[in-house]
Amino acid sequence: MTQNTAAQQHAAWQEDRRRAVTSATGNLALIETRWGSDDPDAALAGQPASVTATRLSRRDPFNGEIQRGVRLWDAASPAITSFEGIDSYPYDPAWVLEATYTDVPGDRRVPFQHAQDAGFTRDLPVPGDLHLTVGGRDYTLSAFDDDGRLLLVFGDPTNGDPANGGETYGAGRFLFVDREPGQQNVVLDFNRAFVPPCGFSEHYNCPMPPPQNRLHLPVRAGEKLAVFRTI
């Protein structure tokens with residue numbers, strides 16, 4: 001693939017991302033998460049026509065019980081109305097890196113802290129390890145199974161508050177890793193690192209990068225931050 005073709009494909013991916021986050025049930029549309037009830041009709045009572053409701057569930061980190069809830073999505077949310085785009089780094093082929101995936105036998109679950117869990121962890125399924133060399137340092141990364149697809153939650157020195165010199169979303173970024181069953185060699189295209197859902201709505205509870213997924217050098221590739229118009 002030529003660099004020009006890769007850059008064109010990346011531009012198409014960026015446009016797909018914009019459509020996804022601004023959709024009627026995209027990241028910007030989430031306005032509320034209610035736990036303790038899974039009745040969408042009741043949740044929609046009194047809401048405008050632009051609001052829809054969906055069910056969701058999670059495992060309580062304290063007692064392991066399944067909690068059920070409802071999410072409300074507003075296709076005309078203030079976040080969608082004021083959204084201007086996603087600030088991103090220019091495409092850089094140097095951040096398309098090769099890695100090796102190794103399966104882990106059995107059902108392995110790795111603890112991940114979540115942004116709104118006050119330090120408690122949730123065990124997520126990590127079916128294997130990603131072995132990557134970056135800047136002369138070897139890493140063994142944990143990507144968890146997100147509905148059949150590997151999702152890498154990673155951090156690097158660019159994360160932080162923009163007011164204090166941070167360049168990318170403070171809690172870290174996400175990267176999907178495409179892998180066919182039985183495939184060992186995989187590609188990590190950090191140009192497709194993206195701002196997690198909690199970077200668009202406070203009503204998400206995103207996983208945080210575990211220590212083994214924190215890279216020592218700045219990853220100046222991929223998305224930086226969601227940009228909103230000041231009202």
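Small disclaimer: the values here were computed from a predicted structure and weren't measured.
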Answer yes if Val96 and Val134 sit in the same cluster of Ile, Leu, Val, Met, Phe, Trp and Tyr residues linked by side chain heavy atoms under 4.5 Å apart, and no otherwise. no
Does the Arg214 side chain pair with the main chain of Pro209, one donor and one acceptor, at a distance under 3.5 Å? yes
Side chains of Pro40 and Arg55: closer than 4.5 Å at any heavy-atom pair? yes
Set of ring-ring contact (aromatic ring centres under 6.0 Å, His included) partners for His10, sequence neighbours left out: Trp13, Tyr91
I'd like to know if the side chain of Thr133 reaches the main chain of Gly136, judged simply by a donor and an acceptor atom lying under 3.5 Å from each other, with no hydrogens or angles considered. no
Tell me whether Val153 shares a hydrophobic cluster with Ile86, the cluster being built from Ile, Leu, Val, Met, Phe, Trp, Tyr side chains joined at under 4.5 Å. no
Is there side-chain contact between Phe83 and Arg18, with heavy atoms separated by less than 4.5 Å? yes
Answer with yes or no whether the side chains of Asp156 and Thr158 bring together a donor and an acceptor at under 3.5 Å. yes
Atom pair CG (Leu141) and CG (Leu150), whose distance is rounded to the nearest 0.5 Å: 11.5 Å
Separation of Ser88 OG from Gln14 CD (nearest 0.5 Å): 5.0 Å
Quick check against the 3.5 Å criterion: does Thr33 have a side-chain atom that pairs as donor or acceptor with the backbone of His203? yes
Given Gln113 and Arg122, is the side-chain contact (heavy atoms from CB on, under 4.5 Å) satisfied, shown in steps? CA-CA 6 Å; Gln113 288 189 1; Arg122 298 178 186 270; over 6 Å; no
Sole candidate of Asn27, Leu28, Thr54, Val51 that passes side-chain contact (heavy atoms from CB on, under 4.5 Å) when paired with Trp73: Thr54
Atom pair CG/CG of Leu188 and Leu130 - distance to nearest 0.5 Å: 6.0 Å
What is the minimum heavy-atom distance between Ser23 and Ala20, and which atoms define it? OG-O, 3.0 Å
Side chains of Asp39 and Val70: closer than 4.5 Å at any heavy-atom pair? no
Hphob cluster co-occupancy, Phe112 + Met208, side-chain heavy atoms under 4.5 angstrom: no
Distance only, no hydrogens: is a donor on one side chain within 3.5 Å (strictly under) of an acceptor on the other, for His216 and Tyr139? yes
Indicate yes or no for a side-chain donor-acceptor contact from Gln183 to the backbone of Glu180 under 3.5 Å, with no hydrogens or angles considered. yes
Whether Ser201 side chain and Tyr204 backbone form a donor-acceptor pair below 3.5 Å: no
Look at the side-chain heavy atoms of Ile, Leu, Val, Met, Phe, Trp and Tyr, link any pair under 4.5 Å apart, and say whether Phe144 and Val177 land in one connected group. no
Can you confirm whether Leu152 sits close enough to Asn213 that some side-chain heavy atom of one is under 4.5 Å from a side-chain heavy atom of the other? yes
Determine yes or no for a side-chain-to-main-chain donor-acceptor pair under 3.5 angstrom, with Arg229 supplying the side chain and Thr81 the backbone. yes
Verify ring pair (Phe, Tyr, Trp, His ring centres under 6.0 Å) between Phe190 and Phe154, making sure each step is shown before the conclusion. CA-CA 10 Å; Phe190 284 95; Phe154 75 96; 5.2 Å; yes
Look at the side chain of Arg173 and the backbone N and O of Glu223, then say whether any donor-acceptor pair between them is shorter than 3.5 Å. yes
Pairs meeting criterion side-chain hydrogen bond (donor to acceptor under 3.5 Å, both in side chains) with involvement of residues 141-152, two or more places apart: Ser142-Gln212, Arg149-Asp178
Is it the case that the side chain of Arg68 and the backbone of Ser57 share a donor-acceptor pair, with hydrogens and angles ignored and the cut-off at 3.5 Å? no
Between Trp95 and Tyr89, does the side-chain contact (heavy atoms from CB on, under 4.5 Å) criterion hold? Intermediate values first, please. CA-CA 11 Å; Trp95 278 108; Tyr89 292 103; over 6 Å; no
Salt bridge or not between Arg34 and Glu32? Use side-chain N to carboxylate O under 4.0 Å. yes
Examine Phe200 and Leu225 and state if one hydrophobic cluster contains both, with Ile, Leu, Val, Met, Phe, Trp and Tyr joined whenever side-chain heavy atoms are less than 4.5 Å apart. yes
Go through Arg192 and Asp16 one step at a time and tell me if the salt bridge (charged side-chain N to carboxylate O under 4.0 Å, His left out) criterion holds. CA-CA 12 Å; Arg192 297 194 178 186; Asp16 287 343; over 6 Å; no
Using 0.5 Å steps for rounding, measure from the CZ atom of Arg179 to the CG atom of Asn185. 10.5 Å
Here the gap from Gln184 atom CD to Asp103 atom CG, rounded to the nearest 0.5 Å, amounts to 8.5 Å
Can you see whether Tyr169 has Lys224 sitting over its ring - NZ or CZ less than 6.0 Å from the centre and within 45° of the normal? no
Flag the pair Pro197 / Cys206 as yes when at least one side-chain heavy-atom distance between them is below 4.5 Å, and no otherwise. yes
Answer yes or no: is there a donor N or O on one side and an acceptor on the other, between the side chain of Arg109 and the main chain of Asp123, under 3.5 Å? yes
Spatial distance of atom CD1 (Ile80) from atom CD1 (Ile31) [nearest 0.5 Å]: 10.0 Å
Which pair of heavy atoms, one from Gly172 and one from Asn159, lies closest together, and at what distance? CA-OD1, 3.7 Å
Modelled atom types, side-chain donor and acceptor of Asp129 and Thr140, under 3.5 Å: no
Show the nearest heavy-atom pair for residues Ser50 and Asp74, with the distance to one decimal. OG-OD1, 2.6 Å
Heavy atoms of other groups near Gln47 CD, more than 12 under 6.0 Å: yes
